[in-house]
Every structure is written in C-alpha cells, then in structure tokens.
Amino acid sequence: MHQKKRLGVLTSGGDSPGMNAAVRSVVRSAIAQGIDVFAIYEGYQGMVEGGQCDLENPRRVAPNAEACIRQLHWYDVAGILHKGGTIIGTARSAQFRTREGRLQAVRNLLANDIDGLVAIGGDGSLTGAHLFRSEWPELVKELLERGEIDAEVAERHRHLTIVGLAASIDNDMYGSDMTIGTDTALHRLTEAVDSISSTAASHQRTFVVEVMGRHCGYLALMGALATGADWVLIPECPPEGDCWEEKMCQVLQAGRESGRRDTIVIVAEGAKDRLGNPISCEYVRQVLEEKLGEDARVTILGHVQRGGSPTAFDRNLSTLLGHAAVQAFQTATPETESVLIGMRGNRVYQAPLMHCVEQTHAVSQAIADGDYAKAMDLRGENFKNAYQILHTLMQAQPSTPAHHDLKPLRFAILNCGATAPGMNTAVRAAVRLAIDKGHTMLGVEHGFRGLIEGHIKELNWLSVRGWATTGGSELGTSRKIPHNKDFYAIARQIERYDINGLLIIGGWSGYQAAYQLYSQCETFPAFNIPILCIPASINNNLPGCELSIGADTALNNIIEAVDKIKQSAVASNRCFLVKVMGRYCGYLAVMSGLATGAERVYINEEGVALTDLQQDLSTLIAGFKQGKRVGLIICNENAHPVYDSDFICDLFAEEGKDVFQVREAILGHLQQGGDPTPFDRIQATRFSAIGLDFLIEQAKRPSPTGAFMGTEAGNVRFIDLGMIPRMVDKEHQRPKEQWWMETAAIGKILAHTAPPTQG
Ligand SMILES: Nc1ncnc2c1ncn2[C@@H]1O[C@H](COP(=O)(O)OP(=O)(O)OP(=O)(O)O)[C@@H](O)[C@H]1O
Ligand SMILES: O=P(O)(O)OC[C@H]1O[C@](O)(CO)[C@@H](O)[C@@H]1O
C-alpha cells in the first residue's frame with residue numbers, strides 16, 4: 001500500500017485548448033501538496049486499456065509498450081502551458097460506455113492504487129465520470145467476489161473521488177460560465193470571420209459560415225455578436241414561422257440596399273428548424289442564391305476552431321480550475337459527492353457533478369422536445385440577452401416608430417482616456433440600441449476636449465457600421481479632465497445640444513472627469529443629467545469593475561509576444577525580463593505571468609525589496625545550473641521607482657553572467673493596439689446595452705444620478721459617482737480592492753522550476 005494519496009488525471013472527448021494548462025496545474029498543485037499524480041493517456045480508452053496501450057497507436061494492444069497509466073513528475077508538464085490540444089491524449093471510447101469496459105477500468109485503477117480522478121472533458125465525459133463513480137462500489141464488489149482483488153484493496157477503495165473540469169469548445173456545460181477551450185475557439189472563429197468579411201466586402205458576396213456546436217449555439221451566437229454578423233441560426237432558438245427563409249432574405253436584402261457590401265450568415269452545425277429538421281449551410285446558400293440572386297459561398301470552419309495555442313483566458317481558467325480540483329480532491333470524504341469545478345462570475349465555483357450533468361442534459365432534452373423557450377431559459381440570462389441584442393444590432397435599419405420609447409431623448413457619447421480595444425464596439429452597440437428605441441445619439445470627438453469645444457455630431461445607424469470589430473477609437477479620445485472655466489463651456493454645450501444624458505466609455509481620466517461634473521452639479525444645473533461611465537481601460541484599474549473593456553485584448557497581446565520571446569530564448573540560457581503596461585495596477589503583469597508561466601512577477605502592489613531580488617537571483621542561478629533553458633520575469637512598468645526593470649536587468653546580468661544572459665523586452669503600445677478580442681467585443685456590447693437602459697431610465701427621473709458601471713461576481717452593478725474617492729487609491733490610480741490579487745499566489749507555486757521541498 002502507498003502512503004501518499006494517488007490521483008489520476010485524464011482528458012476526454014474532443015480536445016480543447018487549455019487542457020494542457022489544466023493538466024499542468026493539476027500535476028503541479030498535487031505534487032506541491034505531496035500527492036502522486038498519474039496521467040491516464042487517451043482518456044477513458046486508456047483507463048480501459050490500462051497497462052497495455054501502444055502509444056504509437058493507442059487503440060491497439062501492444063504487450064511491451066508503455067502503460068497508459070503513468071506517473072507524471074514536475075518536469076513532465078514543463079513547457080506545455082501555451083500548447084493546444086492535450087499532451088496526454090484524448091479519445092472517444094466506445095468501450096467505456098459498456099459496463100464491461102468500466103469494470104476493466106476499475107481493475108486498472110486499482111492496479112495503480114488510484115484514489116481519485118480529475119476528469120477533464122465535455123458533458124459526455126463528465127456524464128461518464130458521474131456514472132463511473134456511482135457504479136464504482138458495485139464494480140469493486142464484483143471484482144472482490146470474483147477473487148480478483150482481496151478484501152483489503154476493496155476496503156481501501158470503497159469509493160472513488162471524482163472531480164470534473166468542464167473542457168469543451170462548445171460551452172455547453174451547466175455549472176460553469178465558460179468551459180475550457182471556448183474562448184480560444186471564439187478567437188479562431190472571430191479571426192476567420194473577420195478575414196472572410198474583407199473578401200466578402202470586396203466582391204459584395206454573401207458567406208454562410210458553419211461553426212462548431214452540435215447541440216449548443218454558444219459559439220455561433222457569441223461569434224455573430226463579436227463579428228457583427230448579419231444573421232445567425234442556432235439549435236436553441238430555431239427561426240420562427242414557416243417562412244423563416246423569407247424573413248432572413250428580407251433583412252439581408254435591406255442591408256444590401258442600405259449599402260452594406262458584405263453579408264455574413266453564421267450557422268451552428270446543430271442548427272435546426274422548428275420541426276427539428278437540420279438546417280445545413282448548403283441549404284442556406286441555395287436559399288440566398290435563389291431568393292436574392294446572391295453570389296453566396298459556404299465556409300465550414302471545422303476543426304480549425306479547436307486547434308492552436310490557448311488564449312490567456314483559457315490558460316488562466318484552466319490553471320485556476322486545475323488548482324481548485326486538487327483542493328477538492330484533498331478535502332473530499334467518502335460521503336462527498338463528485339463535484340464540477342467551474343467558473344461563475346470570475347470566481348472558482350464548485351457544484352455537484354450530478355446536478356450539472358442533469359441540467360446540461362435538460363437543455364438537449366428541451367431542444368429535442370421542441371421546447372425552445374425552456375432551452376433558452378436553461379442557457380441563462382446572458383445567453384438570452386445576447387440573442388435579443390444581436391437581433392437588434394443585425395437589423396439593416398432601426399425599428400419603426402411603433403417600437404420607440406414614448407419620450408425621445410438625446411444622449412452624448414464619448415471616449416475618454418487611453419484607447420482600449422472594444423471602445424468602438426461599445427459605441428456602436430450604444431448608438432444602434434439607442435436609435436432603435438427612438439432616441440438620438442450625439443458623438444463627441446476627442447473626449448472632454450471635444451465636449452468643451454463643441455465637436456459634436458449626430459450619429460446614425462450607418463455611421464457606426466464596421467465598428468464592432470475594430471480597435472482604437474473612431475470617435476477619438478483624450479485624457480482631458482475638465483476644470484475651472486471648462487465647466488461653463490460644457491454646461492453651454494449640454495444646453496445648446498439639449499443633451500439629456502452623457503455616456504462616457506473610458507478609463508481613469510473618464511472617471512475623474514465624470515466625478516468633476518458630478519461635484520459641480522449644484523453650481524451648474526446643466527450637469528443635472530444622468531452621467532454614466534462604462535469601464536474601458538487595458539489597465540483594468542477602475543473601481544468596482546472586475547474586468548474593464550480592453551484588458552483581455554491587452555493580455556492576449558502580451559502573451560502572444562511573450563510566447564515568441566520565450567521561444568527565441570530556448571537553448572540559449574537566457575532570462576527575459578518583460579516590462580508590461582498597467583500604470584500602478586499589476587493586473588496585466590500578474591495575469592500574463594500566470595498565462596505564460598513566468599517564474600516571477602514584480603508589481604507595485606507588492607513592491608520590490610532588495611532581499612526579493614537576491615532571492616530571485618539565487619533561484620535563477622540554481623535553476624540554470626540544473627538545466628533550465630529559459631527564464632521569464634514579468635515586471636509592471638511602475639513596480640518600483642528605483643528597482644525598475646532596467647535596474648533589475650543590470651543586476652541580474654552582472655550577478656548571473658557566468659550562468660545566464662539577461663535581455664529586457666519592453667512591449668510598449670503593442671499591448672494597447674489591435675482589434676478587440678471576442679471577450680472584449682462581447683463585454684463591450686453587453687455593458688453598452690445594460691448601461692443604455694440605465695441612462696434612459698435615469699433620464700426620466702426628476703433627479704437623475706451619475707454612476708459608474710461595474711461588475712461583481714459577474715453581475716453588473718451601478719455605483720454612485722460620489723463613491724469614487726472612497727473606492728480608489730488616488731495616488732496609484734487603482735481600486736483599493738483588487739480581486740485578482742489572490743491568483744498571484746497560485747502562479748508562484750506552479751511556475752517553480754522544481755517542486756517545493758516537502759516539510
Ligand atoms: N453516458 C455515458 N456513459 C459512459 N461513458 C460516457 C457516456 N457519455 C460519454 N461517455 C464517455 O466520454 C467520452 C467522451 O464523450 P463525448 O464524445 O460525448 O465527448 P464530450 O466529453 O462531450 O466532449 P466534447 O464536448 O468535446 O464532444 C465518450 O467517448 C465515452 O467514453
Ligand atoms: O472531432 P470530432 O470527434 O469530429 O467532433 C466534433 C465535435 O466536437 C466538438 O468540437 C466538441 O464537442 C463539437 O463542436 C463538434 O461537433
């Protein structure tokens with residue numbers, strides 16, 4: 001019998017980007033806690049085949065080949081964080097679906113004395129895991145009765161602990177806002193559709209794009225929202241009416257007539273009509289050709305969506321969930337139910353696996369029963385709202401006056417602060433949604449500078465065409481914060497343009513500017529209008545908001561650059577010190593450090609002490625002496641006024657010169673550029689939709705309020721502008737409380753070159 005606990009880890013079903021990061025996290029977190037970890041290669045198939053799997057050809061039994069169940073050590077999972085797919089293999093196992101197959105799997109786990117399993121896979125894999133765990137006692141009993149195991153083994157393994165991690169690009173698992181791999185798949189999809197749009201526009205063509213999702217329309221829906229597509233078909237909400245084809249063609253035709261050059265229709269592979277008949281891309285293409293005389297082409301994105309390096313979000317999600325899975329295994333008792341570890345509202349969340357599996361199946365059942373309202377309800381509020389919003393944004397023209405609000409209002413919209421990718425997306429959504437309700441949207445150029453100087457013009461439905469996908473700020477932005485005589489000028493413009501509300505999409509200076517107007521409310525009655533700040537800053541340094549628009553894009557920009565830098569240094573014994581933006585906020589540094597496996601992250605919040613530097617230097621020297629090939633340190637641009645990145649580089653270069661070289665990489669403004677990621681586009685659209693409703697509602701009140709928008713545990717909230725001074729550390733331009741600080745500790749454990757020595 002083994003003294004240490006033994007944990008198995010497997011990846012199963014379709015591979016999804018981030019699985020490697022999850023395996024790394026499970027392996028290292030477990031070893032750090034004194035647990036032995038075993039990889040079960042090729043998913044459940046490897047568990048059934050046990051010691052006889054031929055790794056060259058996993059489905060074939062090969063007597064002398066390496067076992068499918070093998071112990072993993074700390075170094076075995078080095079250098080995999082950025083890799084797509086799964087290094088321990090995955091499969092869809094027909095044998096595991098049979099009782100005989102599962103009995104064989106029990107034999108193999110017992111032979112390896114395994115106490116628990118972390119199963120990383122989609123809803124099918126987790127259904128299998130749940131079934132396996134419930135059958136476990138009777139399967140063990142059967143082996144005992146057959147005399148294949150003795151009573152002591154049976155007693156020791158009365159229960160199997162199972163912890164599930166939802167990993168599938170489909171995002172179809174109840175119990176987690178996002179499954180591992182979905183964000184990456186959305187990136188692939190978005191890049192592809194953005195590219196298709198440009199060729200479609202050149203030829204004035206229509207493209208029908210099929211995306212993955214056999215039973216779940218998440219990728220199609222969010223992909224359509226993110227790319228500004230013109231029509232979408234998803235399994236949960238088949239098109240209404242017998243003549244849905246007519247309706248679709250009418251809308252697309254109207255778009256063409258309004259001057260749109262490209263038309264994109266996104267079809268989920270599992271899309272069906274209300275009678276349950278599949279809707280294929282080819283059928284949609286034929287309809288468009290016949291009814292519209294369009295030159296339509298089909299693109300099936302297929303497995304491209306599942307491949308490639310995981311995004312920052314998927315790496316960090318997997319890392320955090322993998323770490324939490326080991327905690328759950330450690331604390332489990334024989335009575336503990338199997339759990340799913342997921343993410344809810346940016347926090348790791350644990351729920352009974354059985355409940356999650358049942359709820360997941362309930363959606364498929366509702367679709368099969370034709371109960372689409374239920375299917376949409378079960379997918380959750382965000383999914384439903386996204387569908388509604390998309391339907392408005394896709395229109396060729398705003399709705400007719402019959403749908404308008406009774407009291408038309410006039411809002412001004414502006415960007416403020418540094419550009420954040422997603423600002424344009426937010427403006428487009430706000431403009432179209434407001435116009436659709438019958439309101440007027442005035443675009444202010446270059447932030448408060450433009451408001452003071454009166455650079456204001458009305459925006460219409462078409463003026464924001466194409467803004468869903470582009471980075472930068474089409475309106476123009478500035479860091480101008482009004483003071484003294486600026487207030488009078490702003491009051492004049494508000495009166496002149498008859499502005500009923502102000503929507504500021506921006507960062508720190510936007511919040512400061514809004515606070516100034518709020519504070520001057522009694523002196524300038526014109527400021528007695530609703531003012532709303534929507535958080536948009538790559539720094540993620542805004543109060544009350546867990547993730548501001550633009551931060552995800554910047555994070556991905558950083559990790560793409562760091563992956564390349566790391567690769568350039570392999571085999572040359574180099575340590576890279578990468579300086580990242582964020583002002584005094586360490587979010588980008590910490591999260592990019594977690595996503596790239598940096599061994600050290602320096603941030604202003606924690607400071608940099610000379611003793612830290614000495615310790616880190618010794619660790620680096622020891623690591624390189626033991627065979628380490630590349631070192632990575634991430635440094636926030638304002639980590640320390642004296643021990644800054646230049647100083648640290650010089651110090652390490654001098655002291656470590658006999659063992660390794662040091663290079664500094666200052667990423668600069670590439671972090672701020674580029675088109676927004678799908679997350680930033682979706683977040684921007686969602687924030688604008690909710691923010692606009694708030695503004696409209698406030699504008700109807702006699703004493704409207706000024707607020708900034710934030711999220712807590714994923715839920716949107718509005719906080720009075722008067723709270724800003726209490727919630728921020730003004731000197732360091734960051735919130736007093738920063739939720740992500742707790743994740744820094746996990747990064748530190750996992751990025752070590754060697755396991756921490758056990759006490
Ligand atoms: N009901 C079940 N009973 C036993 N095993 C199952 C069951 N459902 C699925 N499995 C096991 O899990 C494996 C993977 O399931 P499936 O093919 O449905 O993929 P998945 O986990 O849903 O991933 P993806 O979302 O990527 O398709 C199956 O091949 C099978 O071995
Ligand atoms: O790779 P396979 O086995 O063809 O499976 C494809 C299916 O797997 C998924 O990628 C994940 O479930 C689906 O979206 C797709 O329908």
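Since this is a predicted model, take the numbers as computed values, not measurements. As the structure lists them, so they are numbered: ligands from 1, and atoms in each ligand from 1. We use all heavy atoms of the structure for the numbers below, so side chains are in, but hydrogens, waters and symmetry mates are not.
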Within the 4.0 Å heavy-atom cut-off, what Gln305 brings close to ligand 2 is neither
Atoms of ligand 2, numbered as shown, that sit under 4.0 Å from any heavy atom of Ile169: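 Contacts of ligand 2 toward Ile169, numbered from 1: 10 (O).
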Of all the atoms in ligand 2, which lie at a distance below 4.0 Å from a heavy atom belonging to His303?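 Taking each heavy atom of His303 in turn, ligand 2 has 1 (O), 2 (P), 4 (O) under 4.0 Å.
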Taking only heavy atoms of the protein into account, state which residues are under 4.0 angstrom from an atom of ligand 1, in chain and number order.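 Residues Ser12, Gly13, Gly14, Tyr44, Arg92, Ser93, Phe96, Arg97, Arg102, Gly122, Asp123, Gly124, Ser125, Thr127, Gly128, Leu131, Ser168, Arg214 each place a heavy atom under 4.0 Å from ligand 1, listed by chain and number.
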So the salt bridge (charged side-chain N to carboxylate O under 4.0 Å, His left out) pairs with at least one residue in residues 362-376 (sequence neighbours excluded) are none
Measure the acute angle between the ring planes of Tyr44 and Phe96, then classify it against the limits of 30° and 60° as parallel, tilted or perpendicular.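 Parallel, since the angle between the ring planes stays under 30°.
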How are the rings of His157 and Trp136 set to each other: parallel, tilted or perpendicular (split at 30° and 60°)? perpendicular
What residue and heavy atom of the protein are closest to [atom], and at what distance?
{"atom": "atom 8 (O) of ligand 2", "value": "Arg306 NH1, 3.0 Å"}
{"atom": "atom 12 (O) of ligand 2", "value": "Asp170 OD2, 2.8 Å"}
{"atom": "atom 15 (C) of ligand 2", "value": "Glu269 OE2, 3.0 Å"}
{"atom": "atom 5 (O) of ligand 2", "value": "Arg92 NH2, 3.0 Å"}

Does Arg70 count as lying over the ring of Tyr41, i.e. NZ or CZ under 6.0 Å from the six-ring centre, within 45 degrees of the axis? yes
Within 45° cone and under 6.0 Å: Arg344 NZ/CZ vs Tyr174 ring: yes
Under the salt bridge (Lys or Arg N to Asp or Glu O under 4.0 Å) test, which residues partner Glu245, sequence neighbours left out? none
Can you name the salt bridge (Lys or Arg N to Asp or Glu O under 4.0 Å) partners of Asp194, sequence neighbours left out?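 With neighbours one apart ignored, the set is Arg681.
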When you check the gap from the basic side-chain N to the acidic O, do Arg285 and Glu210 get nearer than 4.0 Å? no
Under 4.0 Å between a side-chain nitrogen and a carboxylate oxygen: does that hold for Arg102 and Glu138?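 Judged by the 4.0 Å cut-off on N to carboxylate O distance, Arg102 and Glu138 do not form a salt bridge.
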Check against salt bridge (charged side-chain N to carboxylate O under 4.0 Å, His left out), Arg156 and Asp113: CA-CA 9 Å; Arg156 208 169 63 241; Asp113 221 359; 2.7 Å; yes
If we only consider heavy atoms of Gly213, is any one of them less than 4.0 Å away from an atom in ligand 2?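 Within the 4.0 Å threshold, so yes.
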